Amino acid sequence: MQRIFIGDVQGCANELETLVSRAEDTFGDAFSLWVAGDLVNRGPENLRPLERVRRLVEDGRAEYVLGNHEVFLLEVAFGLREIRPADSIQDVLSSRDANEWVEWLRKRPLVASGEIEGQPFAMVHAASSPDWDLPELVRWGDAVHARLGGSRKDAEAFLALSPDEDDTRNALARLTRCRRIGADGVWSSEEPEGPEFAWHKAWLSRGHEFGLVYGHWARQGLHIVPGLRGLDSGCVHHGRGKDGFLTGWLPESAPADAGSGQRRDERKAFDVPDDRVWQIPAERRYYYAADEVNPEEPSA
């Protein structure tokens with residue numbers, strides 16, 4: 001079964017369908033999709049990606065971890081947040097199956113793990129704490145999953161907490177939002193002021209033996225370094241300074257690079273160089289920030 005890890009879709013339904021069609025043409029039914037969160041929001045269609053991935057999950061051919069935009073959708077559904085002008089999750093929340101989608105989403109995991117070519121790995125949406133080994137990362141993911149996936153009342157109460165007042169709520173925020181770790185060791189969702197403060201700088205310094213797949217960081221773009229595969233290549237942000245793509249990583253799909261000097265059995269899955277990626281170009285620009293003009297919107 002060929003695993004295909006994909007970065008943030010964010011409602012880019014056509015690009016996801018193009019990638020899945022390519023997978024079907026290449027592998028038939030012998031592939032599984034590993035979605036690193038943010039399947040929804042800011043793009044034009046959210047129900048199509050949700051329906052596609054849910055079918056694969058229920059067929060045992062997909063893993064899907066929650067991202068910050070799924071958490072935001074749950075918070076809106078629970079009345080904890082307001083929809084913002086640039087959000088596009090109304091199609092989910094106004095559908096006749098809205099409650100069913102909320103129930104299904106809140107029971108998705110935060111961490112998916114396994115092995116690729118003998119190397120342990122985990123998939124999260126945004127980041128891991130540099131100090132968590134793989135078992136601890138999985139434990140924190142399970143703890144968040146238990147709180148979100150319990151009774152609806154308990155899930156609402158959990159999401160209403162501040163990350164500062166509950167360790168498990170803090171773990172949820174870190175797993176789905178972290179980009180920066182300051183000199184004081186405190187994490188933040190803000191863009192780092194320099195590369196030395198990127199969360200993965202601290203993570204790599206710990207020398208973890210497991211690999212990590214993540215998304216979330218569109219401005220950073222595709223990030224392929226030893227031990228890490230960052231797959232958010234900004235499909236929904238196409239045209240904001242650079243072209244956007246939906247990226248898939250296919251770790252078992254190709255032999256080792258001929259110029260690396262290593263045999264396949266000497267390489268780990270997260271070694272570099274690694275060009276085992278598919279990039280589906282964004283069809284158009286989808287997202288406009290609050291201070292930008294969307295030419296498709298009528299002027300006041």
Side-chain angles (χ1 to χ4, degrees), residues 3 5-8 34-39 63-72 108-116 118-149 158 163-164 166-192 195-233 247 249 251 268-272 274:
R3 283 174 284 195
F5 294 82
I6 65 170
D8 302 38
W34 288 62
V35 183
D38 276 9
L39 195 56
E63 295 285 347
Y64 169 31
V65 299
L66 293 180
N68 58 298
H69 284 284
E70 284 89 0
V71 174
F72 174 70
R108 296 308 93 209
L110 276 294
V111 178
S113 62
E115 288 191 358
I116 302 173
Q119 183 175 9
F121 79 93
M123 178 178 72
V124 299
H125 175 60
S128 172
S129 168
D131 298 324
W132 295 344
D133 61 13
L134 182 56
E136 188 168 7
L137 171 59
V138 171
R139 283 196 297 272
W140 277 113
D142 289 346
V144 175
H145 179 248
R147 299 279 290 273
L148 270 182
F158 174 60
D164 295 331
D166 183 275
D167 288 344
T168 307
R169 184 65 180 84
N170 187 278
L172 169 61
R174 181 192 286 268
L175 289 167
T176 59
R177 294 174 49 209
C178 176
R179 293 189 183 98
R180 167 193 166 96
I181 295 180
D184 57 2
V186 176
W187 76 266
S188 168
S189 63
E190 298 299 318
E191 297 278 343
E196 68 273 19
F197 295 117
W199 71 268
H200 45 68
K201 177 77 171 179
W203 188 88
L204 288 168
S205 73
R206 303 303 198 270
H208 295 291
E209 290 296 321
F210 68 100
L212 200 60
V213 180
Y214 71 99
H216 185 59
W217 201 344
R219 289 186 185 274
Q220 173 182 255
L222 183 63
H223 185 222
I224 295 179
V225 298
L228 292 167
R229 297 295 182 270
L231 302 180
D232 184 3
S233 46
T247 293
W249 177 50
K268 294 182 179 180
F270 287 81
D271 284 351
V272 295
D274 188 356

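Nothing here was measured: the structure is a model prediction, and the numbers come from that model.
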Just grab all the salt bridge (charged side-chain N to carboxylate O under 4.0 Å, His left out) pairs involving [range], residues at least two apart or on different chains.
range: residues 126-141; answer: Asp131-Arg206
range: residues 167-177; answer: Glu75-Arg169
range: residues 214-224; answer: none

query = Yes or no on side-chain contact (heavy atoms from CB on, under 4.5 Å) for Asn170 and Trp187, after CA distance, side-chain angles and deciding distance?
reply = CA-CA 10 Å; Asn170 187 278; Trp187 76 266; 3.2 Å; yes
Kindly write out the residues that satisfy side-chain hydrogen bond (donor to acceptor under 3.5 Å, both in side chains) with [X], not counting sequence neighbours, or none if the list is empty.
X: Gln119; result: none
X: His125; result: Asp38, Asn68, His216
X: Arg229; result: Asp274
X: Glu191; result: Trp217

Under the rule for ring pair (Phe, Tyr, Trp, His ring centres under 6.0 Å), what residues qualify as partners of [X], not counting sequence neighbours?
X: Trp140; result: Trp132
X: Phe270; result: Trp249
X: His145; result: none

From [X] [atom1] over to [Y] [atom2], what is the distance, rounded to the nearest 0.5 angstrom?
X: Glu196; Y: Ser205; atom1: CD; atom2: OG; answer: 13.0 Å
X: Ile6; Y: Leu39; atom1: CD1; atom2: CG; answer: 7.0 Å
X: His223; Y: Asp232; atom1: NE2; atom2: CG; answer: 13.0 Å
X: Trp199; Y: Ser128; atom1: CH2; atom2: OG; answer: 6.5 Å

Closest non-hydrogen atom pair, [X] against [Y]:
X: Gly141; Y: Val111; answer: CA-CG2, 3.7 Å
X: Ala126; Y: Thr176; answer: CB-C, 3.4 Å
X: Ala127; Y: Cys178; answer: CB-CB, 3.7 Å
X: Gly215; Y: Ala36; answer: N-CB, 4.3 Å

message = Under the rule for salt bridge (Lys or Arg N to Asp or Glu O under 4.0 Å), what residues qualify as partners of Asp166, not counting sequence neighbours?
response =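 For Asp166 the salt bridge (Lys or Arg N to Asp or Glu O under 4.0 Å) partners, ignoring immediate neighbours, are Arg147.
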key: Under the salt bridge (Lys or Arg N to Asp or Glu O under 4.0 Å) test, residues paired with Glu209 that sit two or more places apart   =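 For Glu209 the salt bridge (Lys or Arg N to Asp or Glu O under 4.0 Å) partners, ignoring immediate neighbours, are Lys268.
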query = Going by the angle between their ring planes, with limits at 30° and 60°, are His208 and Phe210 parallel, tilted or perpendicular?
reply =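 Judged by the thresholds at 30° and 60°, the geometry between His208 and Phe210 is tilted.
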message = Apply side-chain contact (heavy atoms from CB on, under 4.5 Å) to residues Arg3 and Met123 and explain how you reach the verdict.
response = CA-CA 12 Å; Arg3 283 174 284 195; Met123 178 178 72; over 6 Å; no
Side chain proximity check, [X] to [Y], heavy atoms < 4.5 angstrom:
X: Val124; Y: Val65; result: no
X: Thr168; Y: Leu172; result: no
X: Leu231; Y: Leu222; result: yes

message = The test is ring pair (Phe, Tyr, Trp, His ring centres under 6.0 Å); show your working for Trp34 and Phe121 and say whether it passes.
response = CA-CA 12 Å; Trp34 288 62; Phe121 79 93; 5.4 Å; yes
query = Within the side chain of Arg179, is there an N or O that forms a donor-acceptor pair under 3.5 Å with the backbone of Ser189?
reply =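 Between the backbone of Ser189 and the side chain of Arg179 there is a qualifying donor-acceptor contact (under 3.5 Å).
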task = Would you mind telling me which of Leu137, Leu66, Val71 makes a side chain to side chain contact (heavy atoms under 4.5 Å, CB included) with Leu175?
result =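 That would be Leu137; it is the only one of Leu137, Leu66, Val71 passing the side chain to side chain contact (heavy atoms under 4.5 Å, CB included) with Leu175.
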